[in-house]
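To keep things clear, I will list the structure first and then write my remarks on it.
All heavy atoms count here, side chains included; hydrogens, waters and symmetry mates do not.
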Amino acid sequence: MLSKDYSIDRMRPTTAAFRLLVEESRKEGYWMLVRLHDGWKSGRNKFSKRPEILFGARHGKQLVGVGGLNVDPYFEGGDFGRVRHLYVSATHRRHGVGRVLVEAIVERARAHFSALNTRAPAESFAFYEKLGFHRVSGEEFVTHRMMLRDGNTKEAN
C-alpha cells in the first residue's frame with residue numbers, strides 16, 4: 001500500500017520539478033523522460049488523444065515518478081494501449097510508487113483497449129511480470145503485454 005505521503009494525479013511535464021526528475025533519470029542512463037519532454041515540446045505526444053493521460057507521483061510537493069498511457073503507435077486500429085515513460089526516482093523506489101502508477105494506467109486502459117503493451121528495459125522485466133504483464137517475443141517494439149478483456153488478464157501469445 002502506498003503511504004499517504006504520496007499522491008498520484010494528472011500532470012504536465014513543464015515544471016521545474018519535472019526538469020529535476022529528467023536530470024536524475026539522465027544521470028542514471030535512462031532517457032525516457034528526455035523523450036517525454038521532447039515529444040511534449042514538439043507536439044508529437046501531449047497525451048491528448050482519448051483516453052491518453054500522463055500521471056505524476058508526488059511525495060509531498062516533490063515529483064518522484066511519472067508514467068503515461070498512450071494509444072500504441074506501433075499497432076493499427078487503436079485497440080492497444082501503451083505504458084509510456086515510466087520512471088520513479090531512485091530514492092522512492094521500492095515504496096510502491098511504480099506499482100501504483102502502473103495500476104492507475106491499467107485502470108484507465110481497461111475501458112478503452114483490448115491490450116496494454118510496453119517496451120521495458122531488462123532490469124524492469126520482473127516488475128512488469130509481477131504486475132500481470134506477460135513477456136512477448138518476436139515483436140520489435142513490445143517486451144510485455146497485458147490483455148484487458150472483462151477485467152481479467154490473459155497470457156500473451
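Rounding to the nearest 0.5 angstrom, the gap separating the NZ atom in Lys61 from the OG atom in Ser7 is 11.5 Å. Note that the OG1 atom of Thr143 and the CZ atom of Arg135 stand 8.5 Å from one another [nearest 0.5 Å]. His85 contributes atom NE2, which lies 6.5 Å from atom CG of Asn70 (distance to the nearest 0.5 angstrom).
Using a 4.5 Å heavy-atom cutoff, the side chains of Asn45 and Trp40 are not in contact. With contacts defined as side-chain heavy-atom distances shorter than 4.5 Å, the pair Val142/Phe75 qualifies. A heavy-atom distance below 4.5 Å is not found between the side chains of Leu36 and Trp31. The closest side-chain heavy-atom distance from Phe80 to Leu116 is not below 4.5 Å. Taking the side chain as every heavy atom from C-beta outward, Asp72 and Asp79 never approach each other to under 4.5 Å. In this structure, the side chains of Leu69 and Arg84 stay at 4.5 Å or more apart for every pair of heavy atoms. Side-chain contact between Phe55 and Ile53 is present, with heavy atoms from C-beta onward closer than 4.5 Å. Put simply, the side chain of Arg93 reaches to within 4.5 Å of the side chain of Tyr87, judged on heavy atoms.
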Notebook entry, point to check: How far apart are the C-alpha atoms of Val64 and Tyr6, what are their side-chain angles, what is the distance that settles it, and do they pass the side-chain contact (heavy atoms from CB on, under 4.5 Å) test?
Noted result: CA-CA 9 Å; Val64 299; Tyr6 290 94; 3.9 Å; yes

Checklist line | Steps toward salt bridge (Lys or Arg N to Asp or Glu O under 4.0 Å) verdict (Arg119, Glu139) | finding: CA-CA 10 Å; Arg119 181 169 59 181; Glu139 293 188 30; over 6 Å; no

Next item on the list: Given side-chain contact (heavy atoms from CB on, under 4.5 Å), test Val106 with Leu148 step by step and report yes or no.
Entry: CA-CA 8 Å; Val106 169; Leu148 302 173; 4.2 Å; yes

Next item on the list: List the steps and the verdict of salt bridge (Lys or Arg N to Asp or Glu O under 4.0 Å) for Glu103 and Arg99.
Entry: CA-CA 6 Å; Glu103 287 172 351; Arg99 177 184 48 80; 3.3 Å; yes

Notebook entry, point to check: Given Phe47 and Arg10, is the side-chain contact (heavy atoms from CB on, under 4.5 Å) satisfied, shown in steps?
Noted result: CA-CA 10 Å; Phe47 294 83; Arg10 176 174 248 156; over 6 Å; no

Notebook entry, point to check: After noting the C-alpha distance and the side-chain angles of Tyr128 and Val83, does the key distance pass the side-chain contact (heavy atoms from CB on, under 4.5 Å) rule?
Noted result: CA-CA 11 Å; Tyr128 280 102; Val83 177; 3.7 Å; yes

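Aromatic rings from His144 and His134 are positioned such that their centres are separated by 6.0 Å or more.
Counted by atom type alone, Asn117 and Arg145 present one or more donor-acceptor pairs between their side chains at under 3.5 Å.
The environment of NZ in Lys41 is sparse: at most 12 heavy-atom neighbours from other residues, nucleotides or ligands sit within 6.0 Å. Annotation: Glu123, atom CD; neighbour count of heavy atoms from other residues, nucleotides and ligands within 6.0 Å is above 12.
Under 4.0 Å is where a charged nitrogen must lie from a carboxylate oxygen, and between Glu24 and Lys27 no such pair does.
Each of Leu20 and Leu63 belongs to its own hydrophobic cluster when Ile, Leu, Val, Met, Phe, Trp and Tyr are linked at side-chain heavy-atom distances under 4.5 angstrom. Residues Val66 and Val22 share a single hydrophobic cluster, defined by chaining ILVMFWY side chains whose heavy atoms lie under 4.5 Å apart.
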